[in-house]
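Data first, discussion second: the structure below is written as structure tokens.
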Amino acid sequence: MALSTTSKRKIEDTANDIADRIEALASTDASATPADIQVELDNLRRDLASLTKTVASFGSGKIREAGSMASQLGADAAETSTQYVEAARDTLVGVEQDLRAQVQANPFQSLAIAAGVGYIFALLSRR
């Protein structure tokens with residue numbers, strides 16, 4: 001979420017305002033009274049508070065945007081993982097069907113292979 005032109009302009013204007021007032025306070029002549037300086041300091045405080053609120057609202061917008069992006073990434077990851085699971089399931093179903101067709105086409109050969117594999121597992125499990 002980009003900072004809107006209006007918000008950017010408001011921040012710049014407030015910052016420039018504050019800078020101008022600080023400059024004016026720094027260059028005050030001897031005719032400025034403590035009351036005048038106090039009024040200017042109060043104005044500066046209000047301007048700084050306004051600038052702080054503007055920047056804070058921008059920050060909260062960025063936080064909401066980041067949360068939204070994280071949610072979207074999570075949803076995308078969930079969708080992708082679901083697609084991978086479906087693809088793996090389809091592959092396994094295909095392998096099962098191929099194996100079933102092979103056993104039905106050659107039942108004696110399949111039985112001999114199964115017996116051989118079982119015998120090898122039995123030998124390995126004894127050790």
Donor-acceptor pairs are to be reported for all side-chain atoms of residues 92-119 against protein atoms at under 3.5 Å, with residues two or more places apart or in another chain.
residue : atom : partner : partner atom : Å
E96     : OE2  : R100    : NH2          : 3.0
S110    : OG   : N106    : O            : 2.8

Practice item. Report the residues that fulfil side-chain contact (heavy atoms from CB on, under 4.5 Å) with V85, sequence neighbours left out, ordered by chain and then residue number. Key: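 Scan of V85 (side-chain contact (heavy atoms from CB on, under 4.5 Å), adjacent residues dropped) gives R89.
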Practice item. Go through the structure and list residues passing side-chain contact (heavy atoms from CB on, under 4.5 Å) with D42, not counting sequence neighbours. Key: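 Only Q38, R45, R46 meet the side-chain contact (heavy atoms from CB on, under 4.5 Å) criterion with D42.
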Please list, one pair per line, the donor and acceptor atoms closer than 3.5 Å that link side chains of residues 67-79 to other protein atoms, with sequence neighbours excluded.
residue : atom : partner : partner atom : Å
S71     : OG   : G67     : O            : 3.1
Q72     : NE2  : D76     : OD1          : 2.9

Study note, to complete from the structure: Residue pairs meeting salt bridge (charged side-chain N to carboxylate O under 4.0 Å, His left out), one or both in residues 101-118, sequence neighbours left out, come to none
Exercise for review: Scan for salt bridge (charged side-chain N to carboxylate O under 4.0 Å, His left out) pairs involving residues 102-116, sequence neighbours excluded, and state none if there are none.
Suggested key: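 Sorted result for residues 102-116: empty, none.
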